Amino acid sequence: MIRRPGIRPLTRLVAGRRRVESAVDDELQHHLDVAAEYWESRGMRPADAREEASRRFGSDAAYRAECIAIGHAGQRRLTTMDFIHSIGQDMRFAIRGLKRHPGFATSVVLTLALGIGATTAIFTVVDATMLRPVALPAPHELVDLSLRINEEITVPSFSIAEMRVVREAVPARLAASTNRSGSRTDLSPPDYVTVSAVEPAMFDVLGIAPLLGRRFGPADATGEQGAVIVLSRAYWRSAFGADRDVVGRSLRLDDVSFTIIGVLGDDANFGWSSRSIGWIPLRDDGVIAGTQWTSSRVNVIGRLATGQSLESGRALAEARAAELIRAGTLTGATGIRVSAASFSRQNADVRRALWILMGAVGCLWLIAIVNGTNLFLLRNSARDAELGMRLALGASRRRIVRQVMSEAFVLALLSGIVAASVAGAGIAALRDLLPSEVIAFSRHEIEVTGRVYAFVFLVSTLSGFLFGVAPALRAVLRGGRALSAMHGRSTSRDGLALRNGLVIGEIALTVALLVGAGLLARSFARLNSIDSGFDATGVFTMTLSLPQDRYPTPERRAQFRDAILARLRGTPGVVAATEGHSLPTQSSFSFGVDSMQVDDGRWITIRAANGQTWLAGSTADEQYFDALRIPLRAGRVFTESDRGRGDVVIIDAELARTLFPTGAAVGRQIRWSSDGDWRTVVGVVGDALLLSPVGSPDAFHISERQVAYERYLPPSAGAQAYLAIAVRMQPGGPDARVLRAIVADIDPLLAVASLESLERAYADTIAKPRFNTFLMVVLGGVALLLTLVGVYGVLSFAVAQRTRELGIRMALGAQRGTVRWSVVAQALGLAVIGVAIGLLVAVWGSGTLRTLLFQVSTADAGTYVSVALLLLVTAAVAAWVPAVRATRVDPVTALRSE
Amino acid sequence: MAREPVSLIQGTLELLILETLRRGDSMHGFEILRWIHDTSGSTLTIEEGSLYPALHRMEQRGWIVAEWGVSERGRRAKYYSLAQPGRRQLAREERNWMEYVSVVGRILQAAGATA
């Protein structure tokens, strides 16, 4: 007799192990039985026969244990050996099963693909901007150099003479660089581009190899054989269609022809070079090789010797700089600073905004999973009978779990494939929407990479697990009630509770997402409704950059400026044309001030109670205020005779009120620094927002509005190389292309750096909040849609299950309205719980949005209430169709279906 | 006269099982034992239980295949039959065994000659 151990080892709980053991037991028991019969047939008494069989068998416990050990070892080997094979088999089986339910499979795949796709798109951006390390060898060895002028001022650039000194002082391999903008004159019309002039050592310092072609050779560095350029990868793709035969061709920048000798790898896309079309060689005397162009100041990047720490490098550099300053070699500076190279200078708020979006798509993903789970549960409850039957016939639970999980994984992987196949297009679309800050500061190009595909695969696998686990567990638990399930109609209250829980979770997540979206949308609406103080409709702005070689002097530049303004003003349909140092949205001319002095000697504080106060403004020629329709409130605007005057100013009404609360401002004198010139106020104009309403140009931070006063100065007699021209067109007047034509007429080689409608440009100043808002609203909308589908699915099922009950109630004369309401009430019950949880989550999580909101509190009651109502209405709408269906139940059919 | 029981050399059991199954019928453990016992003229005795670890090991190696079936008396029993790898193994083992026997035999004869 085989003795079983008194205490069952835990392993016996595992189906496979137990199968091995019971099989061994059966076989050995069979042997003993047969042997006993054999000895009995040879004339032994039954008891003796058993005794004989057992004696001949030997130590049954030992043989049993040995057989079981062999069995288990074999099973393990089988598991590892046949794992792949059996997975394949499971998958094939799952696919066969799903093919029979294409509707179910399609809806699950689309739902999950939506969640996975959205998550992937944002991940791609986050990965390129923040996660993927700079793809340069040993980036920790790279340092930025800056020059300390005094205790307060450190500048990131060096003169050529200073650079020579720095080369001696800093114990690192150095490479200087500078950017230069100009016209690509081989194109018609010319294109305005920026190129980086770098010392040939830059390749070594950064450790970059060209993707195509070659780096700068000795002849390129001197410029003996003409000018050369190595294109950036991004420009190679956008302007040359990634043509591999580009090497050897040439392009013209202003009046110089550059031979293309190579293309830089992706590695070169960081910070300062991201918008540059390529690298051209810079000589150590500041001349760009092969051209007459010179650069007076350069930025310097260095690579420390391997093994040298940043601290020791910095200390060494500072000590040597001090020596050089004492020796009089380095003048006009108090030191050199060595700091870790900053490749991506995006500020904390860009990071925060991206993480918030990542969190939001994560929520959407979870909602998609919940919906998928619900669909899966609904489908499985339709085959409880099948699963129950299989369990009863001896299919192991493990087998059933594997089957359900396989289906989940197949669906999730299909979703991943769908998501991955549209990822390229989706990311291209997203890239157009992204604020330029994100693009400019991303370390790598935002594109679909192997990492992104790996992410899709990971997320898909995780999705498969998450969304298969509940149905799989349920399938096994149902097994205990297999027989009741075999009646074909289940009364699965347990499944209903699970599904209800999922719907509540889904509603809660949607509420949280929508509250975030709502807050951002309100904030955006506030931003949009700000009165800018100027009229952007019909205004086009055009910027031009006059090349040094053809426009060497302020007079020559002023000649060009006057010529173009005269031509513009003479063009029919042009109402006004102006050249202002700073046009609205181009806040290049502002500085922070705390107080101003008026002519009676008093200093008047103009600092706002919270935040920074900026003094913005522009030069304003005689047509500036007409072009922008900024109203004149008092005094006069500048005339041509004011050109170059340093003693007049026009201020905005708010500044006038602040400085002269009681009297007229016109005729009074003001100045904004104690050593500045006194200026007489000749005019007061309406308040206009020359600075972006969302604050300083590089800030993502819009929580507090920055106060800015405007003051306008007369244009100088000469002109800068950079011209910003604004033209007001009559409604229905000439096309903006006429502006290009006029420029081409005056100087055919000059590229228009930018030409855009001011309306559009002003809208762009709120591009960052618009991007966040847009994405959040889209995500919230999709989440709402998924919730609608989820609630609908669960209620449809609930109604189908209550067919009999509803039939009886209808037969007993229940009112249609009452029956309908009972269904809708069920939905509202779920919604109320979900909304309550969601609001709590939103209150807890909305703090993260604070810095992204403009004049909207994170506890904005209106938003919370609207979202709550929206969800309740959605739940009611989702319940409506099932509710109507419930009242169509025919009592006879309902009872017959018993 | 009753012959003395011969005890089994380690590893030989497998050869005997393979040889037994060569006949082609599938057999359960007790049948295999009886067959070995009877064809050896009742001189080979092994502890019957030791048959099963051997059978299971051989099954895992793929030499024999097992199948649950119903015996003539209506009992569930595990039936073994020879698989192709087992057939090859048998040929190899037989060759080895013959060599072994002849070598050992020669040595014994030589010893006997000198004794």
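Please read all numbers here as calculations on a predicted model, not as lab measurements. Naming: A, B, ... by sequence-line order, numbering from 1 per chain.
- Between A/C67 and B/P53, the closest heavy-atom pair is SG-N, 3.5 Å.
- When the shell of 6.0 Å around CZ of A/F465 is examined, it contains 12 or fewer heavy atoms from other residues, nucleotides or ligands.
- Atom CD of B/E67 has 12 or fewer heavy atoms from other residues, nucleotides or ligands within 6.0 Å.
- Side chains of B/E48 and A/Y63 form no contact here, defined as non-hydrogen atoms less than 4.5 Å apart.
- Applying the salt bridge (charged side-chain N to carboxylate O under 4.0 Å, His left out) criterion to A/E52, with sequence neighbours excluded, gives A/R55, A/R56.
- Side chains of B/Y52 and A/V24 form no contact here, defined as non-hydrogen atoms less than 4.5 Å apart.
- For the atom pair B/Y79 OH and A/E27 CD, the distance stands at 11.5 Å (nearest 0.5 Å).
- Contact between B/R76 and A/H30 at its shortest, heavy atoms only, is O-CD2, 3.6 Å.
- Applying the ring-ring contact (aromatic ring centres under 6.0 Å, His included) rule to B/H56 yields no partners; only residues at least two apart in sequence or on another chain are considered.
- The heavy-atom pair separating A/A35 from B/F30 by the smallest distance is CB-CE1, 3.2 Å.
- Only the side chain of B/L33 has a heavy atom closer than 4.5 Å to any heavy atom of chain A.
- Interface with chain B: from residues 37-46 of chain A, residues A/E37, A/Y38, A/W39 qualify, criterion being any non-hydrogen pair under 4.5 Å.
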Original post:
What do the steps show when you test B/R57 against A/E66 for salt bridge (charged side-chain N to carboxylate O under 4.0 Å, His left out), and what is the final call?
Top reply: CA-CA 10 Å; B/R57 224 174 274 125; A/E66 198 178 341; 2.6 Å; yes
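- With sequence neighbours left out, the side-chain hydrogen bond (donor to acceptor under 3.5 Å, both in side chains) criterion links B/E59 to B/K78.
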